[in-house]
Amino acid sequence: MPDPDMQLELAELLSLAVDLAHRAGAIVRDGRGGELAVAAKSTPTDPVTDVDRATERFLVEQLRARRPGDAVLGEEGAEQPGSTGIRWLLDPIDGTVNFLYGVPQYAVSVAAERDGETMVGCVHNPVSGETFMAVRGSGAWLGARQLTADGAATSLDQAVLGTGFSYDAGRRAGQGRVLAGVLPRVANLRRLGAASLDLCFVAAGRLDGYYEQGLAPWDMAAGLLVAREAGAVVSGLRGRPPNEVIAVAASPAVAGELVKLLEELGADEV
Ligand code: LIP
């Protein structure tokens with residue numbers, strides 16, 4: 001019998017995550033309409049806008065007020081220790097390049113973890129309005145619809161996969177070599193541009209699988225929980241968990257073949 005206190009706390013954490021993602025989404029939506037100030041981060045092609053920063057500030061202020069003892073880690077530099085054992089992972093705009101180009105595939109991603117385990121996650125696309133949510137041990141939803149990661153493909157050669165590429169040119173070259181080995185072995189590929197939404201699309205059966213190297217915890221925490229709670233197989237390679245080396249999520253029908261192929265191609269060595 002699940003611990004009722006834990007259930008209550010998870011429900012509270014989820015409703016806070018969803019409220020934060022929706023309110024931050026409104027800031028992102030309004031910000032898209034204005035003049036954007038853009039700077040470069042890790043490489044000249046890794047952008048951050050004033051809207052990314054303002055949205056993260058909003059999220060941090062809200063958490064300080066509503067969950068003062070929690071720790072926070074955000075993509076745009078927020079780093080706050082805590083005393084409750086709960087840490088929030090924030091990506092104010094996942095898919096910033098899409099945001100900049102006006103491609104409506106970006107999201108606010110909010111996750112809460114306890115002792116390194118993601119307990120709740122919410123990924124909200126402020127343009128489509130779609131909100132993906134999950135609670136550890138209790139399932140995943142798109143709005144009110146419960147999700148099952150049942151992509152159409154029954155084998156890898158029929159699969160439509162998602163993936164993404166680094167802001168670092170050298171790493172992209174390695175990712176390109178891996179992709180050259182993947183393409184002839186699958187039906188097709190999508191580069192949609194936001195890891196959090198790619199993972200949720202696996203959960204919703206819109207992709208049969210997804211893999212990417214070099215993701216940060218804030219890019220993938222919420223999306224991985226949504227995929228896992230929808231029944232997708234979530235892993236790294238060679239028996240390791242998903243992490244910054246590589247993260248893989250796929251329907252049970254194609255996961256085994258996909259992981260084996262990525263291991264053969266050395267996808268965790270780029
Ligand atoms: C992006 C990820 C995407 C990846 C990009 C970048 P950002 O996150 O969502 O999957 O390919 O390189 O990491 O920088 O938009 O938050």
Side-chain angles (χ1 to χ4, degrees), residues 21 24-25 27-28 31-32 36 38-57 59 73-79 88-111 121-128 130 132 161-176 178-179 182 189-203 206-207 209-227 234 236 242-250 262 267-268 270:
I27 297 172
V28 173
R32 184 70 202 55
L36 292 172
V38 186
K41 295 191 297 184
S42 62
T43 72
T45 61
D46 178 6
V48 59
T49 72
D50 51 341
V51 180
D52 292 80
R53 291 186 171 134
T55 305
E56 182 161 300
R57 272 197 305 279
L59 289 166
L73 179 65
E75 173 169 6
E76 307 314 342
E79 189 148 12
W88 294 84
L89 296 168
L90 308 174
D91 192 337
I93 307 180
D94 185 37
T96 300
V97 172
N98 284 349
F99 174 74
L100 265 177
Y101 279 77
V103 176
Q105 183 72 1
Y106 46 87
V108 179
S109 179
V110 176
C122 179
V123 176
H124 171 59
N125 178 328
V127 183
S128 69
E130 290 192 320
F132 297 88
L161 297 186
T163 194
F165 309 110
S166 170
Y167 291 123
D168 174 80
R171 188 167 218 172
R172 275 199 308 278
Q175 291 173 313
V178 169
L179 186 59
V182 168
L189 191 117
R190 297 289 179 270
R191 198 299 192 234
L192 299 171
S196 58
L197 287 170
D198 290 334
L199 289 159
C200 291
F201 278 24
V202 173
R206 295 173 183 174
L207 290 171
Y210 162 81
Y211 73 91
E212 187 164 355
Q213 304 94 336
L215 293 175
W218 46 74
D219 291 321
M220 60 180 155
L224 283 171
L225 184 68
V226 171
V234 166
N243 58 27
E244 67 284 351
V245 174
I246 191 166
V248 185
L262 292 171
D268 53 348
V270 301

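As the structure is a prediction and not an experimental result, all values here were calculated from the model. No hydrogens, no waters, no symmetry mates; every other heavy atom, side chains included, goes into these values. Order of appearance sets the numbers: ligands from 1, and atoms from 1 within every ligand.
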query = With a 3.5 Å cut-off and no angle check, do the side chains of Ser196 and Asp91 form a donor-acceptor pair?
reply = no

message = Before you tell me yes or no, could you show the steps for Leu36 and Asp50 under side-chain contact (heavy atoms from CB on, under 4.5 Å), namely the whole-Å CA-CA distance, both residues' side-chain angles and the distance that decides it to 0.1 Å?
response = CA-CA 7 Å; Leu36 292 172; Asp50 51 341; 4.0 Å; yes

ask   = Are the side chains of Trp218 and Leu90 in touch, meaning some heavy atoms are under 4.5 Å apart?
value = no

request  = Using modelled atom types only, decide if a donor and an acceptor are shared between the side chain of Ser109 and the backbone of Val123 within a distance under 3.5 Å.
outcome  = no

key: Glu76/Lys41 ion pair, N-O < 4.0 Å   = yes

request  = Look at the aromatic rings of Phe99 and Tyr106 and report parallel, tilted or perpendicular, splitting at 30° and 60°.
outcome  = perpendicular

Atom pairs and distances, ligand 1 N/O vs protein N/O under 3.5 Å:
| unit_1 | atom_1 | unit_2 | atom_2 | d |
| --- | --- | --- | --- | --- |
| ligand 1 | 8 (O) | Asp94 | OD1 | 3.0 |
| ligand 1 | 8 (O) | Asp219 | OD1 | 3.4 |
| ligand 1 | 9 (O) | Asp94 | OD1 | 2.6 |
| ligand 1 | 9 (O) | Asp94 | OD2 | 3.4 |
| ligand 1 | 9 (O) | Ala195 | N | 2.8 |
| ligand 1 | 10 (O) | Ala195 | N | 3.2 |
| ligand 1 | 10 (O) | Glu212 | OE1 | 2.9 |
| ligand 1 | 11 (O) | Phe165 | N | 3.4 |
| ligand 1 | 11 (O) | Phe165 | O | 3.3 |
| ligand 1 | 11 (O) | Arg191 | NH1 | 3.1 |
| ligand 1 | 11 (O) | Arg191 | NH2 | 2.9 |
| ligand 1 | 11 (O) | Glu212 | OE2 | 2.5 |
| ligand 1 | 12 (O) | Phe165 | O | 2.9 |
| ligand 1 | 14 (O) | Tyr167 | OH | 2.8 |
| ligand 1 | 15 (O) | Gly95 | N | 2.7 |
| ligand 1 | 15 (O) | Thr96 | N | 2.9 |
| ligand 1 | 16 (O) | Glu75 | OE1 | 2.9 |
| ligand 1 | 16 (O) | Glu75 | OE2 | 3.4 |
| ligand 1 | 16 (O) | Asp91 | OD2 | 3.2 |
| ligand 1 | 16 (O) | Asp94 | OD1 | 3.3 |

